[in-house]
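This report refers to the structure that appears directly beneath it.
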Protein chains: 2
Amino acid sequence: MTEQRRSTPKSIRTREAIEAAAKELFSINGFERTTVREIGARAGIDPSMIIRYFGSKDALFARVATPDLELPDLSATDSHAIGETLVRHFLAQWEGEKSGKGMTVLLRSATSNEDAAERLLDIFRTQVFPAIARAGPPDTAPLRAGLVGSQLLGLALARYVLRLPPVVAMSPDQIVRSVGETIQRYATGA
Amino acid sequence: MTEQRRSTPKSIRTREAIEAAAKELFSINGFERTTVREIGARAGIDPSMIIRYFGSKDALFARVATPDLELPDLSATDSHAIGETLVRHFLAQWEGEKSGKGMTVLLRSATSNEDAAERLLDIFRTQVFPAIARAGPPDTAPLRAGLVGSQLLGLALARYVLRLPPVVAMSPDQIVRSVGETIQRYATGA
DNA sequence: GTCTATAATTCGATAGAC
DNA sequence: GTCTATCGAATTATAGAC
């Protein structure tokens, strides 16, 4: 009992276990089909702890479904390589252990959960739109960003959520080439 | 007592009222967040009737979420107009009163419902894939169809489900031009 | 900090009267 | 064919012992 001094306090470790389990289950089954009991079981703690730590299931979801795309500053890259750069970065984020699950959580729930949908629109507004705006004429910025968004959303939906076989089978390089050319055209307004 | 609609028995009219209400609510809230009670209230009948008529909530969903894209035979169209033709038909189907709601029902539920996802993959296999296969070299057919699918899915997700403002604001002609060029490249494998 | 026990709802589905 | 009444199971969330 005297040894309360530890590298990571128990409360923090429990909190992280809950977040990891929630991220996992939300990304597989979406918000509605994931129960607090399941999260507790996977985290190895009592379900009541989840409410104690996060207040509600909704609050836990909000905590876990706030990813950052971390799109690169495109003004620094070659103007003719914007498309491929953007797609490469996008793929890396989705396949990365850190933000990938958070994105899947969000996309899987956004189609039937108001909060998740609003959160996804926010990512579009604050991350995709600014990155695209500078790549072409200002007056067509919303249009160009919208087209880029639709293609990137479709790619993520097909590859990571619905797992459309031919899209899953493609290599990252293949996707960067094929889809990159599309994004390049959308982003620059050719 | 005035006798109306002798031509359609009450049972059929009730059945149709249930299907219409279900289509409406499933397309707004998805499968999980729509309750049998809500459907009954909107249809103006008792919730128990829904189980009596369709057996279960799942069976009702299956009945309502089986749309037909009715994609055109692309072998009859100019080879350089495949993209625009496909996008125009796709938009018409989504915005049509008949099949549009069925598609929205499916897409809105496919991200968190196993049955809906499988049904969506079926549409891809039986309707999108065959239409694309003949537009380019046979060995790249799955790849080309996958890319087409990802762009069309993303377009539908952005415009009809998430309602991304700039994508909603685009006119059908604008979409046919911009996205049509992408589909053309994907479908033919340029 | 953690768990047991349970409150308070809400769900899909059923039985049976009329 | 339709509705009333309700069942049994599942859910989120809370109260309180240890």
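A note on names: the letters A, B, ... follow the listed sequences, proteins ahead of strands, and every chain is numbered from 1.
- Chain B approaches DNA chain C over the interval C/dC11 to C/dT14, counting the first and last nucleotide 5' to 3' with an atom under 4.0 Å from its heavy atoms.
- Between the side chains of B/Arg144 and B/Thr140, a donor-acceptor pair is found at a separation under 3.5 Å.
- Look at NZ on A/Lys57: it is 12 Å from C1' on D/dA10, rounded to the nearest Å.
- Within the nucleic acid shown, A/Tyr53 comes within 4.0 Å of sugar-phosphate atoms alone, with no base atom in reach, counting heavy atoms only.
- In this entry the distance linking CG of B/Asp46 with C1' of D/dT6 reads 12 Å, nearest Å.
- Shown here is A/Glu114, whose CD atom has no more than 12 heavy atoms of other residues, nucleotides or ligands within 6.0 Å.
- Ring-plane geometry between A/Trp94 and A/Tyr160 is classed as parallel, the angle between the planes falling under 30 degrees on a 0 to 90 degree scale with a further cut at 60.
- Straight-line distance from the CD1 atom of A/Ile50 to the C1' atom of D/dT14: 15 Å, rounded to whole Å.
- Residue contacts shown for A/Ser48 include a base, since a base heavy atom lies under 4.0 Å away.
- The nearest whole Å value for the distance from the CD1 atom in B/Ile51 to the P atom in D/dT4 is 17 Å.
- Remark: B/Arg33 does not engage B/Glu38 in a salt bridge, criterion side-chain N to carboxylate O under 4.0 Å.
- A pairwise comparison of heavy atoms in A/Gln127 and A/Asp68 identifies OE1-OD1, 2.9 Å as the closest pair.
- Here D/dA10 presents its C1' atom at 15 Å from CD of A/Glu32, a figure rounded to the nearest Å.
- Residues passing the side chain to side chain donor-acceptor pair (under 3.5 Å) test with B/Glu24 are B/Lys101, sequence neighbours excluded.
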